[in-house]
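Worksheet for the structure shown next.
Just so you know, these numbers use all the heavy atoms, side chains as well, and skip hydrogens, waters and symmetry mates. The chains referred to below are lettered A, B, ... by the order of the sequence lines, with proteins before strands, and numbering in each begins at 1.
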There are 2 protein chains.
Amino acid sequence: MDKRKKQIRSFEVAELANISRSTVSRALSGDPRISDDTRARVEAAAATLGYQPNLIARGLKNQTTGIVGVVVTDLDNAYHAHALQLLIEKLGAKRLAPLVFVGNTAEGAENAIARLMSYQVDAVIALAAPFSSEIVAACRAGKKPLVLMNRHDGPEDVSLVYGDSLRAGAMVADHLIEQGATSFAFFAGDDTTSISADRERGFTDRIYEKGFQMVGRAASRYLHAEALRVAPGLLASGAQAIFCANDTLAFALVDATRSAEITTTPLIVGYDNSALAAWPAYSLTSVDQNLGEMTSVTVDIAQTMVTGASNKARRVIIEPFLAARRSTQGQARK
Amino acid sequence: MDKRKKQIRSFEVAELANISRSTVSRALSGDPRISDDTRARVEAAAATLGYQPNLIARGLKNQTTGIVGVVVTDLDNAYHAHALQLLIEKLGAKRLAPLVFVGNTAEGAENAIARLMSYQVDAVIALAAPFSSEIVAACRAGKKPLVLMNRHDGPEDVSLVYGDSLRAGAMVADHLIEQGATSFAFFAGDDTTSISADRERGFTDRIYEKGFQMVGRAASRYLHAEALRVAPGLLASGAQAIFCANDTLAFALVDATRSAEITTTPLIVGYDNSALAAWPAYSLTSVDQNLGEMTSVTVDIAQTMVTGASNKARRVIIEPFLAARRSTQGQARK
DNA sequence: TCCGGTTGTGCACACGTGTGAACAATGCAT
DNA sequence: ATGCATTGTTCACACGTGTGCACAACCGGA
């Protein structure tokens, strides 16, 4: 209807303060050449009019928008959803705005990246994106800094932030050996990234190093239903302790132990320490990747690149820790 | 380093095609006044150069950015996370870009909205935002259309999309009565929105209408740990069937029945039909709000307002349905 | 009075795009 | 040959902002 009621611009502020538009800009940006009383007058005028600068126009002029593209896949996975939340919160705290795209479908991914670049984002954060090669190419073409979360391989010019999967695998092995287990198995995921493979390698290397044997292995996509079908075969291996590449797999495995008729329940360890792991229904021992620190470091890197303080790609490894719960207390679970 | 390698603009395309810049713009936007062969030439040039229009500049000129602000709270709640994922996907399918803000902290909320408006979003979608009054005020001041998801009250000029909680409550009551229950209880949430209250009213009204009695009631925030502390008191009421305002509450209630020493486990119904409800560990009967349709309608409304096809606020009620599982099969659970 | 320095402000341009209006070219009828 | 409609293209401006440069005002010293 009366949509033509104009948005208030810096011009209106200048008019009210009896001053030129450029002085308004300088006063609000803290230019030292502006006298204190005119600055006060400008600020008063801006406040009464409720002036908010148009960040689109500013972005066009300054060639920097304050927008960070975030590419994420599979938000059904609680771990990714939590990471996204932390990213959004921490970007917001640094006055960066996240433009989020979900790239599940392969065709949508290509498209999403193109649109993301069209919006002149200052940086791109990709979270567990399987199609990262296109992203890398697009960011390189557009000269945009790129941070990959949860991947440990990539070209020289992209930043990497990821958990120390090898060390985590070793930690889990030590913990299970301490609890008295002597035969072991691994429940793998189907990552296109090699995250699952690293967890497995760190685990098995330590097992062998300590003189024990791996007696079973299975793999499944990170879907509860599918993992549930695969689980009985893994349980049949008779392993006393099973390390799962992911909490979802671990929950399915626990569910399988309940429905199947087995004499002894193995010790079970998951990965991601999702909220559900702490619930009494599972009380699952799980590796915590320290997502809080991981996301903090990620946005720090992104911001550093944006402000131009440095454009050197960095790679940071985050140390995980183990949240031990009932699922690895051999005696308590008879 | 060599960051001064210029981004290719429409000017470069025009240069390559031996044509003026405005003709490039018209050719790509499908203006019928452009001859077919020049259009083909322009498209070829754009393709070889990999031209992607600068949406920031376009947004400034057209006064419409294609960006939709999404405000969400509490992404830890799997239900919200899932809704956000669907919103992002469906906005993407309509070529709208979601700028996401999390407004958990009250101080951050005010700030987030201001920045959101500064980015000249075309519309705002608020998902279960408790601080909606500020959002309404900001959108009204900025003349931006606003869609509230999962709220059934609001001013005349904002659109509302929400599930029919009263009907869902009645459906649950009918289902439990069918299963043979004769005494009932309700486990309430602490919504600032009145969603939980509606679910309760629809439920109890039907219970009374059928001549039965409510014998218990408890309330908790939507946190597993807190709900777990409250649950035993509710179980002590001896109700044969308990309807929970939320799956999280229901899961806690189920956990409580396991740890406590009770002779008969009540029938339990949750709300949201989260992924976990289908897992065998709980197999929880739950109300499905039909999030797919809800989010579709929401982005449809947003898009309609953006394209200017209509600026009349709409309110749409989504019909829920019941996913019945083992938790309400009286005989199977002895 | 003139000059040079300091301090505060305004003019005009640029960012990359879309679009109304003007204009060149062509065909057709008078 | 001239007027007129049609078709394809270009010119010039606007969107709202930041900023280099010029410039006004003022002061102190010669």
Side-chain angles (χ1 to χ4, degrees), chain A residues 3-43 45-46 49-67 115 117-122 142-143, chain B residues 3-15 17-42 45-46 49-67 115 117-122 142-143:
Chain A
K3 287 226 175 170
R4 289 299 122 227
K5 178 81 139 303
K6 300 288 290 182
Q7 182 95 352
I8 49 136
R9 319 180 299 267
S10 68
F11 173 76
E12 274 76 17
V13 180
E15 206 172 28
L16 178 59
N18 277 329
I19 223 147
S20 100
R21 202 178 52 71
S22 22
T23 303
V24 173
S25 169
R26 289 195 232 268
L28 295 182
S29 68
D31 192 308
R33 302 179 315 180
I34 301 295
S35 71
D36 288 354
D37 72 331
T38 54
R39 165 166 298 130
R41 219 168 58 230
V42 168
E43 279 169 356
L49 270 63
Y51 168 69
Q52 292 291 124
N54 183 331
L55 293 184
I56 296 297
R58 174 182 292 176
L60 178 59
K61 169 62 181 164
N62 289 359
Q63 303 289 63
T64 161
T65 54
I67 301 179
R115 288 180 51 224
M117 302 303 293
S118 300
Y119 276 111
Q120 314 295 105
V121 296
D122 286 345
K143 310 278 180 193
Chain B
K3 286 226 175 170
R4 288 301 120 227
K5 179 82 143 299
K6 298 288 291 183
Q7 181 96 351
I8 49 138
R9 320 181 297 268
S10 69
F11 174 75
E12 274 76 18
V13 180
E15 206 171 29
N18 277 329
I19 221 146
S20 100
R21 202 179 51 74
S22 20
T23 303
V24 172
S25 170
R26 290 194 229 271
L28 294 180
S29 68
D31 192 306
R33 301 178 316 180
I34 302 295
S35 71
D36 288 354
D37 72 331
T38 53
R39 164 167 299 130
R41 219 169 59 231
V42 169
L49 270 63
Y51 170 68
Q52 292 290 125
N54 183 329
L55 293 183
I56 296 297
R58 175 182 290 176
L60 177 59
K61 169 59 183 165
N62 289 358
Q63 302 290 62
T64 159
T65 54
I67 301 177
R115 289 181 49 224
M117 303 302 293
S118 299
Y119 276 111
Q120 313 295 101
V121 297
D122 287 344
K143 309 280 182 193

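- Distance, A:Ile34 CD1 to C:dT6 C1': 15 Å, rounded to whole Å.
- Nearest-nucleotide positions on DNA chain D for B:Asp36 and A:Arg58 put B:Asp36 closer to the 5' end.
- Atom CD1 in B:Ile56 sits roughly 12 Å away from atom C1' in C:dC15 (whole-Å rounding).
- Rounded to whole angstrom, the span from the CZ atom of B:Arg33 across to the C1' atom of C:dC23 amounts to 12 Å.
- One can place CD1 of A:Ile8 at 12 Å from C1' of D:dG16, the figure rounded to the nearest angstrom.
- Of the candidates C:dA21, C:dG10, C:dG16, the closest approach to any side-chain atom of A:Arg26 belongs to C:dG10.
- Of the side-chain N and O atoms in B:Tyr51, none sit less than 4.0 angstrom from OP1 or OP2 of C:dG16.
- Here D:dG18 is the nucleotide among D:dG18, C:dT17, C:dT9 with the atom lying nearest to any side-chain atom of A:Ser25.
- Going from atom CG of A:Leu28 over to atom C1' of D:dG18 covers 12 Å, rounded to whole Å.
- Note: CD (A:Glu15) to C1' (C:dG10) measures 16 Å, nearest angstrom.
- Among C:dT17, C:dT9, D:dT17, the nucleotide with an atom closest to any side-chain atom of A:Thr23 is C:dT9.
- Taking only side-chain atoms of B:Ser20, from C-beta outward, the nucleotide of D:dT10, D:dC15, D:dG8 with the closest atom is D:dT10.
- Interatomic distance, CZ of B:Arg21 versus CZ of B:Arg26, reported as 10.5 Å (0.5 Å rounding).
- The shortest distance between the side-chain N/O atoms of B:Gln120 and the OP1/OP2 oxygens of D:dG16 is not below 4.0 Å.
- Between atom CD of residue A:Glu12 and atom CD of residue A:Glu15 there is a gap of 6.5 Å, rounded to the nearest 0.5 Å.
- In this structure, the side chain of A:Thr65 engages the main chain of A:Gln120 through a donor-acceptor pair within 3.5 Å.
- Listed nucleotides: D:dT10, C:dG18, D:dG16. Nearest to the side chain of B:Ser22: D:dT10.
- The side chain of A:Ala57 lies closest to D:dT17, out of D:dT17, D:dA12, D:dG18.
- Remark: A:Arg39 CZ to A:Ile19 CD1 distance equals 11.0 Å, nearest 0.5 Å.
- Closest to the side chain of A:Lys61, from the set D:dG16, D:dT9, C:dT17, is D:dG16.
- Residue-level contact check: B:Ser29 touches neither bases nor backbone, having no heavy atom under 4.0 Å from any strand.
- Of the side-chain N and O atoms in B:Tyr119, none sit less than 4.0 angstrom from OP1 or OP2 of D:dG16.
- Rounded to an integer number of Å, the gap from A:Arg39 CZ to C:dT7 P is 14 Å.
- One can place CG of B:Leu60 at 12 Å from P of C:dT17, the figure rounded to the nearest angstrom.
- B:Ile34 has its side chain within reach of B:Thr23: a pair of non-hydrogen atoms, C-beta onward, lies under 4.5 Å apart.
- Within a 6.0 Å radius of CG in B:Asp37, other residues, nucleotides and ligands contribute more than 12 heavy atoms.
- Using a 4.0 Å heavy-atom distance criterion, A:Ile19 is classed as a sugar-phosphate-only contact.
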